[in-house]
Asker: 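What follows is a single structure, and I will ask about it in a moment.
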Amino acid sequence: MSDRYEPGAFEATWREKWRRADLFKTREEAGAQKFYGMDFFPYPSGAGLSVGHCRNFVPTDVICRMKLMQGFNVLHPMGFDAFGLPAENEAIKQKTHPGPMIDRYADTYRRQMELVGISYDWSRSFKSCEPSYYRWTQWIFELLYRKGLAYQKNAAVNWDPIDKTVLADEEIVGGRAERSGALVEKKFIPQWFFKITDYAQRLLDDLDDLDWPDGIKNQQRNWIGRSEGVEFELRIQSETPTAKPKIIDLAADPETLVSPLAALTFRVFTTRIDTIFGMTFCVLAPEHPLVENLQVSEERRIAIKTYQEQARALSDTDRQVENREKTGVFTGAYAINPANGKPVPIWLADYVLATYGTGAIMAVPGHDDRDFAFAKKFDIAVIPVISPSEGATELNAWFKENESKLSKAEHQENGISYLSPFSTLFVPLPFVAKDGVLVNSGEYSGQTVAEAQAALGTWIEALGIGQRKVQYKLRDWLISRQRYWGCPIPIIHTKDGDLQLVPESQLPVELPMVENYEPSGDGTSPLAHIPNFVNATDNDGRLGRRETDTMGGFACSSWYFLRFCNPHNFDRPWDPELVNQWMPVDCYVGGAEHAVMHLLYARFWTKVLFDEGLVNVKEPFKRLENQGQVLGHTPYRYPKEGEQLDMGQEGILISFKEAETLPESEIFYRWARMSKSKGNVVTPDDAVATYGADALRMYLLFVAPFNADVQWANEGMSGQVRFLSKIFRMVEEYQPLYSAQWRDLIPFTEIDDRARKVRRLTHQTIKNCTQDIERFSFNTYVSWLMKFVNGLQDLGIASATTNELSPGTALAFSEAVETLILLLGPGAPHSSDELWSSLGKEGFTVNIPWPQFDSELAADDTVTLAVQVNGKLRDTFEIAVGLSNQEYEDAAKSREKIVHHLEGKAIRKVIVVPGKLVNLVVG
RNA sequence: GCCCGGGUGGCGGAAUGGUAGACGCAGCGGACUUAAAAUCCGUUGACCUCAAGGUCGUGCGGGUUCGAGUCCCGCCCCGGGCACCA
């Protein structure tokens with residue numbers, strides 16, 4: 001063996017030995033505990049892996065390898081998320097078929113993962129585009145359909161004109177398609193949805209018990225967007241416009257009551273029912289169906305139509321511009337505020353969304369920012385009904401006195417400025433805080449917001465015009481894609497326009513292998529233009545039409561973790577016994593960008609499958625960890641005069657080659673996510689060739705906390721080369737004195753002070769390494785190993801061969817060397833095996849039991865006691881552990897330096913933290 | 001605007017309310033060497049001081065505590081997510 005880390009000499013050899021020994025085939029020993037460790041399902045891109053990807057799966061590998069050594073049955077699989085837009089787009093660009101292309105790319109991924117020594121059980125691998133897999137994706141689709149959780153409806157959807165497909169809300173960022181960057185357009189076509197909204201509450205509730213990063217849990221909570229409120233009905237009165245709208249007293253006007261218009265109603269949802277007395281207008285979304293039924297003058301009808309068309313033409317981006325000026329149009333109709341019987345105008349405005357709640361709101365400009373902005377622009381009354389509790393009484397009195405002045409007409413003349421007389425009594429409007437008291441609200445005046453919400457909710461329910469309701473922002477999951485490269489939806493449209501499921505026995509509906517699969521661009525899938533595919537016989541033997549949309553890739557990744565438990569089952573998606581044996585995934589590792597897509601969908605499917613009794617877990621991923629990104633040093637140049645920059649860019653991306661040719665004043669560097677297009681990718685191939693796989697692994701672990709971003713520097717790996725070399729040298733030098741029998745001999749050998757220190761260090765290191773791997777603190781895991789090596793050197797292991805060692809010390813060093821090699825195993829498995837064999841041992845360290853720490857051996861017999869005077873550190877000294885508080889106190893007081901600080905002062909208080917610190921409070 | 005993270009030496013970062021800066025990188029000084037590489041030893045937060053020693057120091061301002069990087073209140077800055085969701 002060499003006295004340094006020479007990866008070229010042994011790493012590939014060990015990987016070959018692991019492969020031949022089938023070392024990572026999943027062990028399923030009866031009686032052993034299980035550990036399911038998994039990385040996110042990767043899409044194998046043509047660029048291959050970068051060291052950034054390794055940052056994900058090296059740590060997972062470390063924890064899986066430790067669990068293997070601890071005797072767990074470990075399931076550590078890897079497969080490929082092969083269906084979907086990225087693969088199809090890439091294949092179109094390359095003028096090839098996505099199937100074979102993905103196979104090639106996946107092979108590259110696998111080769112690179114093996115190069116880094118990841119312990120995947122490849123016998124369980126699959127790609128989501130294989131019929132043997134997607135057969136069961138379709139099977140689950142059918143299950144959802146039968147349960148009423150999959151449905152088709154004509155919907156306004158997000159249309160990506162570049163990728164020529166429909167996209168889910170989640171795939172749109174700032175009005176642009178996340179993938180293609182295209183401005184998303186609106187399109188009305190029939191779409192398939194999964195009814196995830198039925199599970200909103202459970203998806204929210206069950207987050208509480210998950211061991212996930214708080215950030216991800218919060219993102220999911222926000223995405224689900226639960227809010228509690230009241231939904232109630234408003235009656236409408238249409239009327240022809242007059243110069244000044246007259247106020248209609250419904251009760252006093254029998255005509256309005258018999259008029260068919262009087263029966264017109266619409267519903268609104270509010271979370272602030274306590275502000276109902278302050279409702280001064282209502283707003284309908286432009287798309288609200290009621291608008292067509294309003295009887296209004298021709299003039300108004302035209303204005304309304306114009307506004308509706310404007311709103312429809314508006315792209316989502318335009319509509320979502322920050323602080324956009326409010327727009328709207330008065331419908332000419334009035335609704336009756338049920339709280340006080342007063343009519344309020346009904347407006348149309350696009351700040352109310354058709355897709356949330358009822359698509360209509362009661363507007364309370366006094367206590368809502370948006371309503372206030374709208375009221376201000378269109379000069380609508382603003383009536384305060386909530387006040388900070390101080391001053392509420394005076395305010396109420398003022399309202400009582402001035403009630404007559406508060407008519408609508410009066411207000412319109414005075415704008416909102418009429419509030420100024422009591423501005424001293426009132427905070428500026430809109431007052432949106434909830435810690436206030438009702439004013440100007442009839443019998444509810446004086447109640448707190450919370451009290452009034454309860455009372456008014458009850459009142460609405462008793463009146464029979466509404467009820468308390470919970471609303472969610474979560475929308476149903478849009479699953480269909482008008483594209484070729486995806487899992488076909490197993491549905492046949494019959495002649496009569498009915499939908500039928502393809503019988504289970506006929507699954508999978510296979511994707512036809514065709515040459516031309518490019519998007520048709522007409523809003524239909526390319527599959528619609530393949531007669532052999534489209535023409536199908538329905539279940540009654542008649543000619544029907546096959547559904548030609550395919551499922552988005554998130555369907556495939558919503559259950560793959562179940563298939564890994566039983567990947568080659570031909571008859572069933574999985575054997576429940578096997579799935580229940582392995583599930584849930586104990587540790588799931590991947591990027592934070594999937595917070596509200598994949599992770600929410602997979603949870604939804606798992607719950608549906610749980611309800612069906614097909615799995616016995618309600619949640620798929622017990623623990624989730626997000627790795628930080630690896631950023632590459634990326635050169636840019638400043639723009640030349642007149643040159644256009646992309647949004648948010650400060651310069652123009654250039655290659656490293658180009659950067660070398662330009663003067664320093666014209667270029668600058670930024671840290672950017674590694675990507676092929678930025679040319680800043682460091683591949684594992686390069687890193688392994690130059691520094692070695694173990695050096696790469698150790699550097700990835702050590703460079704930063706697991707979830708923090710990393711600024712990549714190749715030089716960092718040379719530090720790990722140095723550290724590993726140090727270990728090789730140490731083991732090489734100690735090898736002649738190594739005794740494999742240390743465990744048996746130590747009990748019969750005298751352990752001197754030095755031996756005790758060696759053993760203490762060894763056992764403390766075992767404890768710390770085990771704990772830190774468990775809690776994903778890999779950087780400190782590596783640093784404990786470094787301290788271990790440094791410590792053994794300080795204890796003279798290097799001079800062991802030249803100096804006489806006591807038998808006990810020699811055995812203690814043998815234990816230490818062996819332990820070091822085993823603790824190193826998860827991080828640097830090649831080196832671990834190489835060192836292990838250099839001690840004359842057979843086999844692989846991954847099969848050797850993980851070292852056990854002995855708390856007695858790990859315990860210190862002396863401590864460094866810190867002595868503070870008035871909280872300031874004044875002295876430290878070594879003292880035995882296990883003394884009484886009094887003994888520590890006395891020892892501290894007798895220290896020379898301390899005596900000096902105590903001179904002439906009285907000790908008022910003494911705090912003793914046993915074995916740590918004594919704080920003397922003097923005055 | 002709302003919701004999450006985060007702010008510690010020249011750099012990456014450590015630190016269950018108890019000795020701030022572990023471990024490493026980079027630097028500096030030295031040993032070995034004809035020389036270099038490799039390796040080893042020492043040193044490295046700032047300031048005051050010949051020294052012993054002392055003062056300050058974890059984004060800013062307050063507070064709780066015998067004791068605060070850590071807890072509380074109020075801000076500032078950076079990163080991420082959501083956003084006219086009633």
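Below, chain A is the first sequence line, B the second, and so on; all start at residue 1. Heavy-atom basis, side chains included; hydrogens, waters and symmetry copies ignored. Keep in mind that what you see is a predicted model, and the values were worked out from it rather than measured.
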Asker: Among A86(B), G53(B), C4(B), find the nucleotide with the atom closest to the side chain of Asn218(A).
Answerer: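 It is C4(B).
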Asker: Applying a 4.0 Å non-hydrogen cut-off, can you work out what Gln219(A) is touching in the nucleic acid: base, sugar-phosphate, or nothing?
Answerer: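 Answer is sugar-phosphate: Gln219(A) comes under 4.0 Å of backbone atoms only.
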Asker: I'd like the C1' distance from C41(B) over to C32(B), given in whole Å.
Answerer: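 Result for the C1' pair: 11 Å, nearest Å.
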Asker: Counting only distance, no hydrogens or angles, is the base of C84(B) paired donor-acceptor with the side chain of Lys326(A) under 3.5 Å?
Answerer: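 Answer yes: a donor N or O sits under 3.5 Å from an acceptor.
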Asker: Can you tell me which nucleotide in G54(B), A86(B), G13(B) comes closest to the side chain of His901(A)?
Answerer: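 The listed nucleotide nearest to His901(A)'s side chain is G54(B).
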Asker: Using atom types as modelled and distance alone, determine if a side-chain donor or acceptor of Thr275(A) lies under 3.5 Å from a backbone N or O of Val364(A).
Answerer: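 Side chain of Thr275(A) to backbone of Val364(A): no pair is present.
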Asker: Measure centre to centre between the rings of Trp347(A) and Phe374(A), then say whether the value is under 6.0 Å.
Answerer: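 Centroid distance Trp347(A)-Phe374(A): below 6.0 Å, so yes.
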Asker: Which whole-number value in Å describes the distance from Asn626(A) CG to C4(B) C1'?
Answerer: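 Result: 12 Å.
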Asker: Between Arg226(A) and Ser725(A), which is nearer to the 5' end of RNA chain B once each is assigned its nearest nucleotide?
Answerer: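 Whichever sits nearer the 5' end wins; that is Ser725(A).
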Asker: For nucleotides U70(B) and U8(B), find the distance between their C1' atoms and express it as a whole number of Å.
Answerer: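 Straight-line distance between the two C1' atoms is 12 Å.
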Asker: With a 4.0 Å cut-off on N to O distance, would you call Glu889(A) and Lys893(A) a salt bridge?
Answerer: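 Between Lys893(A) and Glu889(A) there is a salt bridge, with a charged N closer than 4.0 Å to a carboxylate O.
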Asker: I need the CZ-P distance between Phe728(A) and A38(B), as an integer number of Å.
Answerer: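 The distance from CZ of Phe728(A) to P of A38(B) comes to 19 Å, rounded to the nearest Å.
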Asker: Side chain of Asp214(A), heavy atoms from C-beta onward: which of G5(B), G18(B), G81(B) has the nearest atom to it?
Answerer: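 Ranking G5(B), G18(B), G81(B) by closest atom to the Asp214(A) side chain puts G5(B) first.
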Asker: Could you write out each protein N or O paired with an N or O of nucleotides 62-65 of chain B at a distance under 3.5 Å?
Answerer:
none

Asker: How about Arg673(A): does its CZ atom have over 12 heavy atoms from other parts shown lying under 6.0 Å from it?
Answerer: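 Atom CZ in Arg673(A) is not packed in, count stays at 12 or less.
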Asker: Report the base-pairing partner of G79(B) (Watson-Crick or G-U wobble, both distances below 3.5 angstrom), or none.
Answerer: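 The base-pairing partner of G79(B), which may sit in any strand shown, is C4(B).
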Asker: With a 4.0 Å cut-off on heavy atoms, is Thr876(A) in touch with a base, just the backbone sugar-phosphate, or nothing at all?
Answerer: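 Answer is base: heavy atoms of Thr876(A) come under 4.0 Å of a base.
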Asker: For Lys473(A) and for Asn222(A), find the nucleotide of RNA chain B with the closest heavy atom, then tell me which residue's nucleotide is more 5'.
Answerer: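 Mapping each residue to its closest nucleotide by heavy atoms, the 5'-most match is Asn222(A).
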Asker: Does the structure show a Watson-Crick or G-U wobble partner for U55(B), both distances under 3.5 Å? Name it, or say none.
Answerer: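 Matched U55(B) with A46(B) under the 3.5 Å cut-off.
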Asker: Between Asp371(A) and Lys326(A), is there a salt bridge with N-O shorter than 4.0 Å?
Answerer: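 Salt bridge absent between Lys326(A) and Asp371(A).
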Asker: Please tabulate, one pair per line, each protein N/O and nucleotide N/O from nucleotides 55-58 of chain B that are separated by under 3.5 Å, including the distance.
Answerer:
unit_1, atom_1, unit_2, atom_2, d
U55(B), OP1, Arg874(A), NH2, 3.4
U55(B), OP2, Arg874(A), NH1, 3.1
C56(B), OP2, Lys872(A), NZ, 2.8

Asker: Between G13(B) and A22(B), how many Å separate the two P atoms, rounded to a whole number?
Answerer: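 About 15 Å, rounded to a whole number of Å.
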Asker: Compare all side-chain heavy atoms of Val867(A) with those of Arg874(A) and state whether any distance is below 4.5 angstrom.
Answerer: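 When only atoms from C-beta onward are counted, Arg874(A) and Val867(A) do not touch, as no gap falls below 4.5 Å.
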Asker: Does atom CD of Glu878(A) have more than 12 heavy-atom neighbours, drawn from other residues, nucleotides or ligands, at distances under 6.0 Å?
Answerer: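 Correct, the count exceeds 12.
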Asker: Quick test: give all pairs of protein nitrogen or oxygen and nucleotides 21-24 of chain B nitrogen or oxygen below 3.5 Å, distance rounded to 0.1 Å.
Answerer:
unit_1, atom_1, unit_2, atom_2, d
A22(B), O2', Lys787(A), NZ, 2.8
G24(B), OP1, Asn790(A), ND2, 2.9

Asker: Rounded to whole angstrom units, what separation is found between the CD atom of Gln711(A) and the P atom of G79(B)?
Answerer: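 Rounding to the nearest Å, CD of Gln711(A) and P of G79(B) are 13 Å apart.
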Asker: Counting the atoms with a prime plus P, OP1 and OP2 as sugar-phosphate, which does Arg775(A) contact under 4.0 Å by heavy atoms, base, sugar-phosphate, or nothing?
Answerer: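 It contacts sugar-phosphate atoms only.
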Asker: Using the ring pair (Phe, Tyr, Trp, His ring centres under 6.0 Å) definition, which of the options Phe778(A), Tyr691(A), Phe723(A), Trp712(A) pairs with Tyr699(A)?
Answerer: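 The residue from Phe778(A), Tyr691(A), Phe723(A), Trp712(A) that satisfies ring pair (Phe, Tyr, Trp, His ring centres under 6.0 Å) with Tyr699(A) turns out to be Trp712(A).
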Asker: Using Watson-Crick or G-U wobble geometry with both distances below 3.5 Å, tell me the partner of C25(B), or none.
Answerer: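 C25(B) is paired, partner G10(B).
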Asker: Is it true that the side chains of Ser831(A) and Tyr5(A) contain a donor and an acceptor less than 3.5 Å apart?
Answerer: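 No, because no side-chain N or O of Ser831(A) sits under 3.5 Å from a partner of the opposite role on Tyr5(A).
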Asker: Both distances below 3.5 Å, Watson-Crick or wobble geometry, any strand: find the nucleotide opposite A68(B).
Answerer: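 Here A68(B) is not engaged in any pair, so there is no nucleotide opposite it.
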Asker: Find the distance Asp3(A):CG to U39(B):P and express it as a whole number of Å.
Answerer: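 Nearest whole value for this atom pair: 11 Å.
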Asker: Tell me if a side-chain donor or acceptor on Asp350(A) pairs with a main-chain N or O of Pro286(A) at a distance below 3.5 Å.
Answerer: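 Looks like no, no N/O pair under 3.5 Å.
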Asker: If C40(B) has a Watson-Crick or G-U wobble mate with both distances under 3.5 Å, name it; if not, just say none.
Answerer: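 Matched C40(B) with G30(B) under the 3.5 Å cut-off.
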Asker: Which one, G13(B), C3(B), U19(B), comes nearest to the side chain of Leu917(A)?
Answerer: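 Looking only at side-chain atoms, Leu917(A) lies closest to U19(B).
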Asker: Base, sugar-phosphate or nothing for Pro705(A)? Non-hydrogen atoms, less than 4.0 Å.
Answerer: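 Sugar-phosphate only.
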Asker: Round to a whole Å and report the spacing from CG of Leu284(A) to P of C84(B).
Answerer: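 Distance check: Leu284(A) CG to C84(B) P gives 19 Å.
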Asker: Can you tell me if Tyr351(A) touches the phosphate of A86(B), counting only side-chain N or O atoms and a distance under 4.0 Å to OP1 or OP2?
Answerer: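 Result: no.
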Asker: If you measure from the P atom in G63(B) to the same atom in G69(B), how many Å do you get, rounded?
Answerer: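 Going atom to atom, P in each nucleotide, I get 15 Å.
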Asker: Any donor-acceptor pair under 3.5 Å joining the side chain of Asn919(A) to the base of C66(B)?
Answerer: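 Under the 3.5 Å cut-off, the side chain and the base do form a donor-acceptor pair.
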Asker: How would you label the glycosidic angle of G9(B): syn (within 90° of 0) or anti?
Answerer: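 G9(B): syn.
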Asker: Would you say a side-chain N or O of Ser718(A) is under 4.0 Å from OP1 or OP2 of C25(B)?
Answerer: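 Checking Ser718(A) against C25(B): no side-chain N or O falls below 4.0 Å of OP1 or OP2.
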Asker: Quick one: His594(A) NE2 to G80(B) C1', roughly how many Å, whole number?
Answerer: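 Between C1' of G80(B) and NE2 of His594(A): 16 Å.
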Asker: Taking atom P of G13(B) as reference, at what distance in whole Å does atom CH2 of Trp712(A) sit?
Answerer: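 Those two atoms, CH2 and P, are 14 Å apart.
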Asker: Please pick, from A86(B), C84(B), C3(B), the nucleotide with the shortest atom-to-atom distance to any side-chain atom of Thr271(A).
Answerer: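 Per side-chain heavy atoms of Thr271(A), the pick is A86(B).
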Asker: Using the C1' atom in both, what is the distance from C11(B) to G62(B), to the nearest Å?
Answerer: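 To the nearest whole Å, 33 Å.
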Asker: Given A86(B), C66(B), G81(B), which nucleotide is nearest the side-chain atoms of Val921(A)?
Answerer: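 It is C66(B).
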Asker: For nucleotides G17(B) and C71(B), find the distance between their C1' atoms and express it as a whole number of Å.
Answerer: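 My reading of the C1' atoms in G17(B) and C71(B) gives 8 Å.
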Asker: Check whether more than 12 heavy atoms from other residues, nucleotides or ligands sit under 6.0 Å from atom CH2 of Trp212(A), and answer yes or no.
Answerer: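 Correct, the count exceeds 12.
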Asker: Which value, in whole Å, describes the distance between the P atoms of nucleotides G45(B) and C23(B)?
Answerer: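 That atom pair is separated by 13 Å.
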Asker: Will you find, in the side chains of Lys473(A) and Asn222(A), an N or O donor that is under 3.5 Å from an N or O acceptor?
Answerer: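 The answer is no; no qualifying pair exists.
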Asker: Could you tell me how far apart Leu865(A) (CG) and U19(B) (P) are, to the nearest whole angstrom?
Answerer: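 Rounding to the nearest Å, CG of Leu865(A) and P of U19(B) are 11 Å apart.
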Asker: Would Val863(A) and Lys916(A) satisfy side-chain contact (heavy atoms from CB on, under 4.5 Å), going step by step from the backbone distance to the final call?
Answerer: CA-CA 7 Å; Val863(A) 290; Lys916(A) 281 228 152 150; over 6 Å; no
Asker: Distance between the C1' atoms of U65(B) and C72(B), in whole angstroms?
Answerer: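 Result for the C1' pair: 12 Å, nearest Å.
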Asker: So with a 6.0 Å cut-off around NZ of Lys434(A), is the heavy-atom count from everything else above 12?
Answerer: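 No - once you tally the heavy atoms of other residues, nucleotides and ligands closer than 6.0 Å, there are 12 at most.
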Asker: Check each of Arg468(A), Gln467(A), Lys469(A) against Glu231(A) using the side chain to side chain donor-acceptor pair (under 3.5 Å) test, and report the only one that passes.
Answerer: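 Output: one option passes, namely Lys469(A).
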